[in-house]
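What follows is a set of notes on a single structure, which appears directly below.
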Amino acid sequence: MTSVRTATPSTARAINDRLALNLLLEQGPLTATELRELTGLSRPTVADLLDRLQRGGLVELAGERGEARRGPNARLYALITSRAHIAAIDVRSVGVSIVIADLAGQTLATAEIPAGPEAGHGAGGLAGRTVSTLLDTARRAGVDQLHTVAVGIPGLVDPATGRLDNTGGLPGWHTELIAALRELPGTGLILENEVNLACITEHRAGAAHDRDTFVLLWLGHGTGAGVMLDAKLRRGASGGTGEIGFLPVPGTDRLPNASDCDGGFHALVGSSAVCALARALGLPADAADDAAAAEAVVHAAVAAGPAGAPFLDAFAGRVAVGAAAICVVLDPGCVVLGGEVGRAGGAELAGRVARKLAELSPLRTEVRVGAVGGGGVLGGAVLLACDAARRDLFGGP
């Protein structure tokens, strides 16, 4: 016989509190009557939780509902978003972007730090300058203590330990920065792969907001993927889910190896490959062969109309090869084209990839254009940091 566990009074209170706090977070100030209607809780239960949350410093009175009858039933209750503050950091080889936000994820201040030709070491190096800029930016926003800092970074992040695997040749200042951030007193640190963060943003507020299962295919200077299955980001045993640059594919002159993805899928769709394909088909391409150059090439091909079709068809065929490998294993039902290059192709590229993919795979797969752009990494970092702060303050999973 299976025993049935019932919630203790303290557990029930915690569940009700979290439910009310989430509603105040999502919908803004609400009256007690509106909270009762939205939660289905009784009048005494709502009154009790509002009193408890006010005493706990999480909720405050925020005026009255103008159209409601004046009095207790019209009082508006709001989440105190200044109860905790978070920071999001996007770490790239070219520099660092920082956002300071409140508990609701509203941006309070931002900062940019270019890497320059030499990152340097110590307090005067890029890692030291990033930490000092982070703290200065927070103080400028009136924030003395950061609850959580979430960092988006290239490379593998071990999901068990949260440690960065820097065996892939990342700049040394990346490791220095993470070590320095771990030393901030009273501040939690979350590390996450940058493409995974963009995948979270696409799921919560982007092109895949209506999908709980999809794959974000990141096409930029590098190549990667974020995998969302049943509304959960999948990282793999070592944090390597989505390292599709190493995927062996036809059309390259060699196979990839453990330390070099140039013989894999990256060799077909990375920025240098995009620029080389354009030059081979008679389209101008900047000699820099970086993400900006590849993005410009794809934009130009789309704008060129029929003249750009040969390039777009060829590039879509390459993208579809990698997408097909993902789809026949995971069957996500939806692939989102992200990154600078993926988004530059817009609907023209997405439509071509969908048609090529239908030829390669028997599984029906929708192809969408990413919506979050370059801010997707920072956006995902804000979301993760806010989730951590709310779990701590609100309780629950």
With side-chain contact (heavy atoms from CB on, under 4.5 Å) as the criterion, how do V59 and L21 come out once you've worked through the C-alpha distance, each side chain's angles and the decisive distance to 0.1 Å? CA-CA 8 Å; V59 168; L21 287 166; 3.8 Å; yes
With salt bridge (Lys or Arg N to Asp or Glu O under 4.0 Å) as the criterion, how do R140 and D136 come out once you've worked through the C-alpha distance, each side chain's angles and the decisive distance to 0.1 Å? CA-CA 6 Å; R140 176 161 51 89; D136 289 343; over 6 Å; no
So which atom in E194 and which in V91 form the shortest heavy-atom distance, rounded to 0.1 Å?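 Nearest heavy atoms, E194 then V91: OE1-O, 4.4 Å.
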Going by heavy atoms in the side chains, are [X] and [Y] under 4.5 Å from each other?
{"X": "F315", "Y": "V341", "result": "yes"}
{"X": "L146", "Y": "L134", "result": "yes"}
{"X": "L61", "Y": "L76", "result": "no"}
{"X": "F394", "Y": "L103", "result": "yes"}
{"X": "L30", "Y": "L23", "result": "yes"}

Give a yes or no on whether the backbone of D230 and the side-chain of T213 come within a donor-acceptor separation of less than 3.5 Å.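 Indeed, once roles are kept as given, a pair shorter than 3.5 Å links the two residues.
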Judged by atom type as modelled, is there a donor-acceptor pair below 3.5 Å linking the side chain of N193 to the main-chain atoms of G155?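 Checking the backbone N and O of G155 against the side chain of N193, a donor-acceptor pair under 3.5 Å is found.
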Less than 4.0 Å between a side-chain N and a carboxylate O, is that true for [Y] and [X]?
{"X": "R13", "Y": "D17", "result": "no"}
{"X": "R318", "Y": "D313", "result": "no"}
{"X": "E366", "Y": "R368", "result": "yes"}
{"X": "R391", "Y": "D387", "result": "no"}
{"X": "D90", "Y": "R92", "result": "yes"}
{"X": "R355", "Y": "E359", "result": "no"}

Show your working on side-chain contact (heavy atoms from CB on, under 4.5 Å) between I326 and L247 and close with a plain yes or no. CA-CA 10 Å; I326 297 171; L247 183 72; 5.6 Å; no
Same hydrophobic cluster for [X] and [Y], using side-chain heavy-atom links shorter than 4.5 Å among ILVMFWY?
{"X": "W173", "Y": "V157", "answer": "yes"}
{"X": "L233", "Y": "W218", "answer": "yes"}
{"X": "V369", "Y": "V319", "answer": "no"}
{"X": "L378", "Y": "I153", "answer": "no"}
{"X": "I80", "Y": "Y77", "answer": "no"}

Trace of the side chain to side chain donor-acceptor pair (under 3.5 Å) decision for Q145 with T187: CA-CA 8 Å; Q145 178 66 51; T187 300; 3.1 Å; yes
Under 3.5 Å, is there a donor-acceptor pair between the T8 and T11 side chains?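 Yes, T11 and T8 have a side-chain donor paired with an acceptor closer than 3.5 Å.
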State whether a side-chain donor-acceptor pair under 3.5 Å links R36 with T33.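 Present: a donor and an acceptor within the cut-off.
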What do the steps show when you test R83 against L58 for side-chain contact (heavy atoms from CB on, under 4.5 Å), and what is the final call? CA-CA 7 Å; R83 176 64 188 273; L58 288 171; 3.6 Å; yes
